[in-house]
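Lettering of chains follows the sequences in order, A, B, ..., and the numbering in each one begins at 1. Only a predicted model underlies this, so the values are computations on that prediction, with no experimental measurement involved.
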Amino acid sequence: MANLLALIQNETLKVWKKRRFAVLLLILLILIPVFVYAQMKIAQNSAEKFNDDWRAELQSRITDNTNALSSERIPEEWKKWRRALVQQLQYYLDHDINPQTPNAVTFTLTFMDNAVTLFIPLMVLAIASDLVSSERSTGTIKMLLTRPVRRWRILFAKLATLTLYVSLIIITTVLICYLISGLVFGYSGWDAPVFVGFQVQGADVDTTGVHAVTQGVYLLMQSGLVWFSAMVVSVIALMVSVLVRSTAASFVTMMATIIAGTILSNMASSWKSAKYLFNVNLEISSYLRGTPPPVEGMTLGFSLAVLGLWGAAALIVSFTVFTKQDILN
Amino acid sequence: MLGVMGLGEWIGMKSSSWLWRILGWTTLICLLVMLTGFGWALKDTWFPKDGLALPEVSPPEAATGGDWNAKEELFVTSLGDSLTKGTGDSTGEGGYVARVIEDLAKQMDKPVYMVNNLAINGLRADQLTNRLDENGFKNAIAKADIILMTIGGNDLFQIAQSGGSMAEGGDISPELLLERLPEAEPRLKDVFQKIRKLNPTARIIYVGLFNPFYDLPEMTSSGSKIVAEWNDYAYSLAKADGNATVVPTYDLFEFNLKAYLSSDHFHPNAQGYARISDRIVQALL
C-alpha cells in the first residue's frame with residue numbers, strides 16, 4: 001500500500017512538474033474572459049431589446065422556435081428538438097421561473113454544458129495522452145519497468161493520478177468560470193431554481209417527473225456527470241497511450257475520435273446504432289436538463305452503461321497490454 | 001543524512017513532499033466532490049424527491065391605461081399570423097410592426113417599446129384563442145398600451161380549400177368560402193373578447209385583410225367580396241368593443257399587387273408593409 005502511494009505521489013509530481021496543469025490553467029484564464037465578454041454582449045443586447053423583461057424574452061424564444069417549426073425546410077429531427085425545447089420553455093414560463101437568471105452560476109452551468117463534448121476532453125487529454133507514451137518517447141519507461149515494482153502497480157498509479165487530475169481540472173474549470181464571470185454578472189444565483197426531470201419521448205416532453213432544484217445542486221450534479229464522461233475519455237486515452245508510441249499520435253487519435261463524436265451526434269438520428277459509440281454518449285449532463293438525445297430512446301442509464309463498458313474495456317486492454325508487452329529499444 | 005544526499009537534493013525532496021501534500025489532498029477533495037455530484041445526479045434522476053418549493057406566480061405587469069400623451073413610454077404587443085411576423089419582408093426589418101413602433105416613437109417623441117411580437121406563421125383565429133391562455137401571451141398583452149393584430153386569413157383560406165396553409169396556393173373555391181364564412185366569424189369574436197378580458201385599456205388595432213388574388217380573374221370580385229365581408233364583421237366587433245379599430249388594407253394592393261406583394265404572391269413585401277404601417281400610425285395618432 002505504502003508502495004502504491006509512493007508511486008502515485010511520484011506520478012502526480014511528475015505530471016505537475018511537466019507544467020501541464022499550468023498550461024491548462026493559462027488556457028482557461030485566457031479563454032473564459034472571452035466567453036464572458038461575448039455573453040455580456042448578448043445579455044446587453046437582449047436587455048435592450050426586451051426592456052429587461054425576461055418573460056418577454058422567454059416568450060420570444062418560444063414564438064421564434066414555434067415559427068421555425070412551421071417551416072417545411074427544417075429537417076424532422078431538428079423539429080423534434082425544437083418541439084421539446086418549446087415545451088420546456090413553456091413549462092418555465094407557466095411556473096414563472098426564469099431559466100436564464102443573469103449570474104455567474106448560470107454562466108458556469110451553460111459553459112460546462114457546452115464544454116463537455118470538446119473543451120473538457122481536450123483538457124483531460126493534455127494529461128492523459130502522454131502518461132505512458134511520454135515515458136516511451138523519452139526512454140524513461142525502461143528505468144520505470146526495471147524497478148522491483150509489479151507492472152500493474154505502475155499503470156494503476158498512473159490511472160489513479162489521472163483520476164485525481166481529471167477531478168482537479170473540472171473543479172478548476174468551474175471555479176475559474178464562476179470567479180471570472182462573477183465580475184460581470186455578479187456572484188449570486190446558487191439558490192435560483194432550475195427544473196430537472198423532463199422526460200423526452202419523441203417530440204413530446206413528459207413533465208410528470210419534473211421538480212425544481214437549486215442551481216447550486218444542479219451545478220454539483222452536472223459537474224459529477226461531466227466528470228464521469230471525462231473519466232471515460234481519459235481511460236480510453238490511457239489505453240491509446242499504452243498502445244501508441246508517440247504522445248502526438250495518441251493525442252491526435254483521441255482528439256479525432258472526440259471530434260468525430262460531436263459530428264456523429266448531429267447525424268446519429270439516421271444511423272441509430274451510432275448510439276453504442278462512446279463518443280456519441282459524452283453529453284450525459286444534458287439528460288439532467290432534458291435536452292433530446294442524439295438518438296431517440298437514449299437515456300442517462302443507457303449512456304452510462306455504454307460509457308462504462310467502453311471504459312472497462314479500455315482498462316482491460318491497457319492492463320493486459322502494459323503488463324505483457326515487450327519494451328524494445 | 002545531508003552528507004549522503006547533498007543539500008540541493010534534500011531541499012528538492014522537502015519541497016516535493018510539501019507539494020505532494022497540498023496536491024494530494026486538493027485533488028482527493030476534488031475527486032470526492034465529483035463523486036458526490038455524480039451520485040447525487042443518479043439519485044435525483046432515478047429516485048427523485050419532491051423538488052424545491054417555488055415562489056408564487058407573480059401577477060403580470062398590467063398596463064396603466066390613461067392618456068398616451070401623459071405617459072413617458074408606450075408599450076406595444078403584436079400578435080397573429082405571418083403578416084404580423086413580417087413574412088415576405090426581405091429587408092429583415094420585421095414587417096409592419098417594427099415600422100409602426102419606429103414611426104410612433106418619432107412622431108410622439110417618446111420611447112415606444114415592443115413588449116413582444118407573438119405572431120406565429122400560419123396561425124388561425126381558433127389557435128390564437130387557445131394561445132391566449134398561455135402565460136407568455138397573457139403577460140405580453142396585459143402590459144401593452146397598443147395591440148397590433150392580423151388574424152383570420154389562414155382561417156378563410158383553409159376553409160376555402162379545406163386544409164393546407166395559405167402560402168401553398170392551390171385550388172380555392174370562393175363559393176364554398178362564402179357559404180361557410182359564418183363558421184369562421186365567431187372565432188374572431190372570441191379573439192377580440194379574450195384580448196379585451198386580458199387588457200381592459202389597450203387600443204386594439206386589427207389590420208384588415210386584403211385580397212392577394214385580385215389579379216386572378218375568377219377571384220377578383222368573389223375574393224374581394226369575401227374579404228370585404230370579413231373586414232365588415234371585424235369592424236362590427238371593433239365598434240362593439242369601443243376601443244378597437246380596423247385598419248383597411250385591401251385598397252393598397254388591388255391595382256398594385258406586383259409592386260407590393262413579395263415573390264410568394266401572398267405576403268406583402270417591404271414596400272407593402274411600409275404602406276400598412278403608415279396606415280396604422282395614421283389610425284393611432
Side chain / backbone / both / neither for Phe137(B) at chain A, heavy atoms under 4.5 Å: both
Segment of Leu54(B) engaging chain A (4.5 angstrom heavy-atom cut-off): side chain
May I ask you to say whether Asp94(A) pairs ionically with Lys138(B), meaning some side-chain N is under 4.0 Å from a carboxylate O? no
With a 4.5 Å heavy-atom cut-off, do Phe38(B) and Val226(A) have their side chains touching? no
Which one, Gly209(A), Ser223(A), Ser285(A), leads in non-hydrogen pairs under 4.5 Å with chain B? Ser223(A)
Test item: side-chain donor near acceptor, Asp44(B) and His211(A), under 3.5 Å: yes
Go through the atoms of Asn67(A) and report whether side chain, backbone, both or neither lie under 4.5 Å from a heavy atom of chain B. both
Test Val33(B) against every option in Val174(A), Leu220(A), Ile170(A) by the side-chain contact (heavy atoms from CB on, under 4.5 Å) rule and name the one that passes. Leu220(A)
So, do Asp53(A) and Asn116(B) sit near enough that their side-chain heavy atoms are less than 4.5 Å apart? no
Can you find a pair of side-chain heavy atoms, one from Ser167(A) and one from Thr27(B), that are under 4.5 Å apart? no
Between Ile169(A) and chain B, with a heavy-atom cut-off of 4.5 Å, which part of the residue counts as in contact: side chain, backbone, both or neither? neither
For Leu225(A), is it the side chain, the backbone, both or neither that has a heavy atom under 4.5 Å from a heavy atom of chain B? both
Does any non-hydrogen side-chain atom of Thr66(A) lie less than 4.5 Å from one of Arg131(B)? yes
